[in-house]
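Letters A, B, ... mirror the listed sequences (proteins, then strands); counts begin at 1. Since the structure is predicted, the reported quantities are computational estimates derived from the model, not experimental observations.
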Amino acid sequence: MIILGGRAGVGGAVRWAALPIAIAALYGTWELYVWLSGIEPQVLPSPSRVIREGWEFRSDLAKGAGFTLRETAIGFALSVGAATLLAVMMDFSGVIRRALYPLLVGSQTLPLIVLAPLLIVWFGFGLTPKVLLVVLVTFFPIVVGWIDGFAATENEASNLLRSMGASRWQVFRYLRFPNALPRFFSGLRIAITYSVVAAVVAEWAGARLGEGLGVLMIQYEHSFRTDLVLAAVFVTAAVSIALFLSTYGMERLLIPWYFRTRRHG
Amino acid sequence: MANAPDPPKIEARDLHKSYWTADGPLAVVRAVSLTAATGEFVSIIGPSGCGKSTVFNILAGLETADAGSVLLDGEPIGARAGAFGYMPQKDLLFPWRRILENTMLGLEVRGVPRREARARAQQLFEAFGLTGFERAYPSELSGGMRQRAALLRTVVQERDVVLLDEPLGALDSLTRTQMQEWLEEVWRRFRWTVLLITHDIREAVYLSDRVYVLGARPGSVQTTVEVDLPRPRTANDPAFLAVERELTEALRVETRKAERDPAVWP
Ligand SMILES: Nc1ncnc2c1ncn2[C@@H]1O[C@H](COP(=O)(O)OP(=O)(O)OP(=O)(O)O)[C@@H](O)[C@H]1O
Ligand SMILES: [Mg+2]
């Protein structure tokens with residue numbers, strides 16, 4: 001694990017400090033450039049201004065983020081459920097796998113930018129098109145995580161269970177499913193990182209005023225508030241990163257054995 | 001026949017098996033017959049690739065033989081799995097299950113209620129030197145302990161015959177010697193009917209009532225050696241050494257044939 005890794009001691013301290021130092025350097029350079037060049041804030045606001053104005057408009061941003069998060073959560077939950085169901089079906093039936101896998105790959109080639117406005121045309125300005133876009137974006141990595149995980153099952157382990165008289169379903173339940181969980185989480189991690197952006201893109205394409213970070217960005221842009229657009233962008237990034245990190249917590253909670261095994265084995 | 005002797009616990013008669021490979025049929029097992037009486041410890045040795053594991057897979061119901069039959073108490077068992085407890089070379093303990101949960105896997109598969117399965121597995125923990133490790137994860141155990149846990153998982157199912165495919169092959173030599181002594185002890189205590197595959201001749205002599213030497217692929221029984229020595233045995237006893245020498249010689253002949261043999265038959 002790269003992000004949360006790190007050991008005690010001097011090496012550990014350097015590792016922990018590396019990220020804050022990089023952020024501070026970036027911030028300083030940006031601030032300095034804006035100050036020295038005298039560039040207009042409508043074109044490029046200084047980071048301190050972005051923070052100040054973002055704080056000023058915090059209730060709007062928080063409300064928008066709440067909308068976006070809700071769309072993301074609903075879409076993501078649906079996606080995990082559907083992807084899991086489909087992956088299990090594909091594991092049990094070669095016919096289903098051969099029929100659906102190419103379609104799934106195809107679904108990933110659709111350009112979101114084109115699809116988002118179409119979904120708005122078909123389903124209106126409400127929740128549905130946002131949820132659908134989140135599902136579309138997150139579905140594939142989750143299915144692939146499951147399928148790869150199932151496929152990584154050792155033959156000898158299946159044989160052991162079969163020698164005990166296990167049915168196909170029991171082999172799945174006792175072996176294939178738990179064995180696939182670590183890879184499922186890898187897929188989940190990729191999916192959750194894209195999920196917020198998918199919701200934002202759908203809002204961008206069309207939503208009621210104030211209902212989501214994407215539509216806020218458009219409103220701010222139209223009133224030449226580049227500082228607030230950037231503030232909304234940073235909130236989007238922060239939410240994505242928080243969700244990404246939360247998957248590590250979920251993992252530790254749901255598959256604690258995985259970390260023990262890695263530490264010892 | 002009024003006074004026919006009891007049939008052996010397990011009897012394999014004339015097993016044949018070929019695989020289809022890219023280069024055509026590959027005969028792996030040819031006319032293998034073997035028997036074990038109730039409570040007997042029987043070993044199988046043979047050159048690498050001669051079909052030993054394949055014989056076990058047939059017995060365990062994982063493969064079907066092309067010809068031949070398997071009798072249990074004199075009755076054919078067909079292709080049905082379930083009479084055999086099977087322990088492969090790798091311990092295959094599931095990393096997501098604690099040791100106690102791992103050892104009760106076979107019982108759970110058979111639908112024994114969890115509480116009862118737990119109690120039955122737990123009863124054996126002391127004899128298997130695993131007391132105190134019930135809640136440990138497999139990665140926290142030493143190689144020898146893992147192997148004992150895998151054996152516990154096998155025998156707790158109380159199948160008619162226990163199949164051990166090189167159970168000690170992955171252990172270092174000191175642990176391995178200790179495990180051989182321990183295995184001999186628990187076997188004498190519980191009197192399972194055991195078929196053991198091993199590459200270690202001394203291990204075979206130390207543990208077995210009878211040893212089958214399979215020939216080069218396609219494997220068939222070349223030599224059968226009854227080991228009629230008092231237990232526990234000591235490896236520097238002249239009688240022990242004589243049996244060991246006899247088996248070494250038989251195996252050397254077969255291994256040489258295996259090296260000369262073309263990979264594909266016919
Ligand atoms: N499913 C299969 N398809 C094709 N060939 C196979 C298959 N399973 C085993 N074989 C071949 O059959 C031969 C015997 O295999 P087996 O595993 O029974 O040997 P073994 O005596 O157990 O060897 P070892 O001592 O190395 O474990 C080998 O040459 C192997 O490559
Ligand atoms: Mg083998």
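- Using cut-offs of 30° and 60° on the angle between ring planes, the pair Phe244(A) and Tyr248(A) is perpendicular.
- Within the 4.5 angstrom heavy-atom criterion, atoms from both the backbone and the side chain of Pro95(B) approach chain A.
- With a threshold of 4.5 angstrom between heavy atoms, Glu156(A) approaches chain B through its backbone and through its side chain.
- Contact check on Asp165(B) versus Lys52(B) returns no salt bridge, with no Lys/Arg side-chain nitrogen under 4.0 Å from an Asp/Glu carboxylate oxygen.
- Between the Thr138(A) side chain and the Phe76(A) main chain, no donor and acceptor come within less than 3.5 Å of each other.
- Using modelled atom types, one side-chain atom of Arg110(B) and one backbone atom of Gln157(B) make a donor-acceptor pair closer than 3.5 Å.
- Taking the six-membered ring where the residue is Trp, Tyr86(B) and Phe56(B) present perpendicular rings, their angle passing 60° and hence far from 30°.
- For the pair Glu40(B) (side chain) and Thr38(B) (backbone), a donor-acceptor distance under 3.5 Å is absent.
- Comment: Glu108(B) engages Arg97(B) in a salt bridge, judged by a side-chain N to carboxylate O separation of less than 4.0 angstrom.
- In this structure, the portion of Phe94(B) lying under 4.5 Å from any heavy atom of chain A is its side chain and not its backbone.
- Side chain of Glu116(B) to backbone of Pro113(B): no donor-acceptor contact under 3.5 angstrom is found.
- In this structure, no portion of Leu163(B) lies under 4.5 Å from any heavy atom of chain A.
- Proximity to chain B at a heavy-atom threshold of 4.5 Å picks out Pro178(A), Asn179(A) from residues 176-198 of chain A, in numerical order.
- In this structure, no portion of Gln89(B) lies under 4.5 Å from any heavy atom of chain A.
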